[in-house]
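Accompanying notes for the structure given below.
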Amino acid sequence: MLWGLLGCLVLGMVYQFDYHPVKGRSMSPTIESGEGVLLKKHFNVTRYDLVAFRSRSEDKLLVKRVIGMPGDRVIVSDHQLMFIPDNGTNLGTTLTFELKEEVAQRLKGLTTLPEAHYFVVGDNQALSNDSRHFGLVEADQLTGQVVLRLAPLKKAGLVH
């Protein structure tokens with residue numbers, strides 16, 4: 001019976017969670033290169049979550065912070081995207097991001113972020129390849145929400 005219970009627990013962990021080793025410094029200082037994080041596979045996205053997603057251009061898993069949510073009011077002008085706070089968001093101020101030219105062209109004319117699309121940014125914006133460079137992330141690209149740092153063990157714990 002104990003083995004059956006242990007087997008169910010392991011299966012639950014496999015289907016609910018995943019481990020991801022982080023490479024690169026785009027999320028520094030929150031997550032450093034070489035650290036490993038636990039991803040919760042089934043979750044509801046909220047603003048400022050750390051999420052892992054499959055990059056369409058590089059075919060690799062990236063970790064970034066969700067800044068823009070579906071329905072957020074935006075203005076795209078020149079090479080800038082501005083998030084406009086309103087009563088429906090928890091943005092305390094207008095946020096502005098410089099976009100790559102081709103991303104600005106693709107987002108031109110948007111007044112709100114489309115359903116199931118997110119704007120994600122690395123915490124180390126100077127080194128991050130994120131929505132400013134490749135555009136919006138679609139919900140079907142998301143693979144998990146970062147919930148814990150597992151490695152190295154001396155730094156194991158919650159990640160914010």
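Sequential numbering from 1 along the given sequence is applied to the chain's residues.
Closest of all the heavy-atom pairs between P70 and Y118 is CD-CE2, 3.3 Å. Across all their heavy atoms, A52 and V63 have their closest contact at CB-CG2, 4.2 Å. S33 and G24 make their closest contact through OG-N, 3.0 Å (heavy atoms, listed as atom of the first residue, atom of the second, distance). In terms of heavy atoms, V74 sits closest to T112 at CG2-N, 3.9 Å. Taking each heavy atom of G135 and V103 in turn, the nearest pair found is N-CG2, 3.7 Å. Considering all non-hydrogen atoms of both residues, T46 and V66 come closest at O-CB, 4.0 Å.
For the pair Q80/E98, a side-chain contact is recorded, criterion being any heavy-atom separation below 4.5 Å from C-beta on. Put simply, the side chain of E138 does not reach to within 4.5 Å of the side chain of F53, judged on heavy atoms. A heavy-atom distance below 4.5 Å is not found between the side chains of V146 and L38. Looking only at side-chain heavy atoms (C-beta outward), K40 and Q145 come within less than 4.5 Å of each other. Between V45 and M69 the shortest side-chain heavy-atom distance falls below 4.5 Å. Looking at V159 and L148, their side chains never come closer than 4.5 Å, going by heavy atoms from C-beta outward. Side-chain contact check for D72 versus R47: some heavy-atom pair is nearer than 4.5 Å. Side-chain atoms of R132 and Q125, non-hydrogen and from C-beta on, do get closer than 4.5 Å to each other.
Here the side chain of S131 pairs no donor or acceptor atom with the backbone of F119 at under 3.5 angstrom. Using a distance-only test at 3.5 Å, with no hydrogens or angles considered, a donor-acceptor pair links the side chain of R149 to the main chain of K155.
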Is there a side chain to side chain contact (heavy atoms under 4.5 Å, CB included) between I31 and L50 once you walk through the steps? CA-CA 10 Å; I31 303 170; L50 294 177; 4.1 Å; yes
Show your working on side chain to side chain contact (heavy atoms under 4.5 Å, CB included) between R73 and T111 and close with a plain yes or no. CA-CA 6 Å; R73 292 184 335 137; T111 57; over 6 Å; no
Show your reasoning for whether side chain to side chain contact (heavy atoms under 4.5 Å, CB included) applies to L39 and V147. CA-CA 6 Å; L39 304 174; V147 291; over 6 Å; no
Assess whether side chain to side chain contact (heavy atoms under 4.5 Å, CB included) is satisfied between V120 and I67, documenting all intermediate values. CA-CA 6 Å; V120 298; I67 301 299; over 6 Å; no
Audit row: K100, D130, salt bridge (Lys or Arg N to Asp or Glu O under 4.0 Å) steps and yes/no: CA-CA 10 Å; K100 223 172 151 181; D130 51 39; over 6 Å; no
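The distance from atom CE of M27 to atom NZ of K64, rounded to the nearest 0.5 Å, is 7.0 Å. Taking CZ from R106 and CD from E101, the interatomic distance works out to 12.0 Å, rounded to the nearest 0.5 Å. One distance of note links OG1 of T94 with CD1 of I75; it measures 8.0 Å at 0.5 Å rounding. Within the model, atoms CG of L107 and CG of L136 stand 5.0 Å from one another, a figure rounded to the nearest 0.5 Å. Here the CD-NE2 distance, from E35 to H20, works out to 11.5 Å after rounding to the nearest 0.5 Å.
Evaluation of the ring pair (Phe, Tyr, Trp, His ring centres under 6.0 Å) test over residues 138-160, restricted to residues two or more places apart or in two chains, returns none.
No salt bridge links D78 with K108; every basic N to acidic carboxylate O contact stays at or beyond 4.0 Å. Using a cut-off of 4.0 Å between Lys/Arg side-chain N and Asp/Glu carboxylate O, R65 and D49 are scored as not salt-bridged.
Under the 4.5 Å side-chain contact rule for hydrophobic residues, Y48 and L81 share a cluster. When the side chains of ILVMFWY residues are joined at heavy-atom separations under 4.5 Å, either directly or via intervening members, F43 and L158 end up in two distinct hydrophobic clusters. V37 is not connected to Y19 by any chain of hydrophobic side-chain contacts under 4.5 Å among Ile, Leu, Val, Met, Phe, Trp and Tyr, and they are in different clusters.
N124 and S26 are not linked by any side-chain donor-acceptor pair at a separation below 3.5 angstrom, with hydrogens and angles left out of the test.
Using a 30° and 60° split on the angle between ring planes, F83 and F97 fall in the perpendicular class, above 60°.
Residue V51 forms a side chain to side chain contact (heavy atoms under 4.5 Å, CB included) with just one option from T143, L142, L62, and that option is L142. Between L61 and the choices K23, R54, Q141, the side chain to side chain contact (heavy atoms under 4.5 Å, CB included) rule is met once, by R54.
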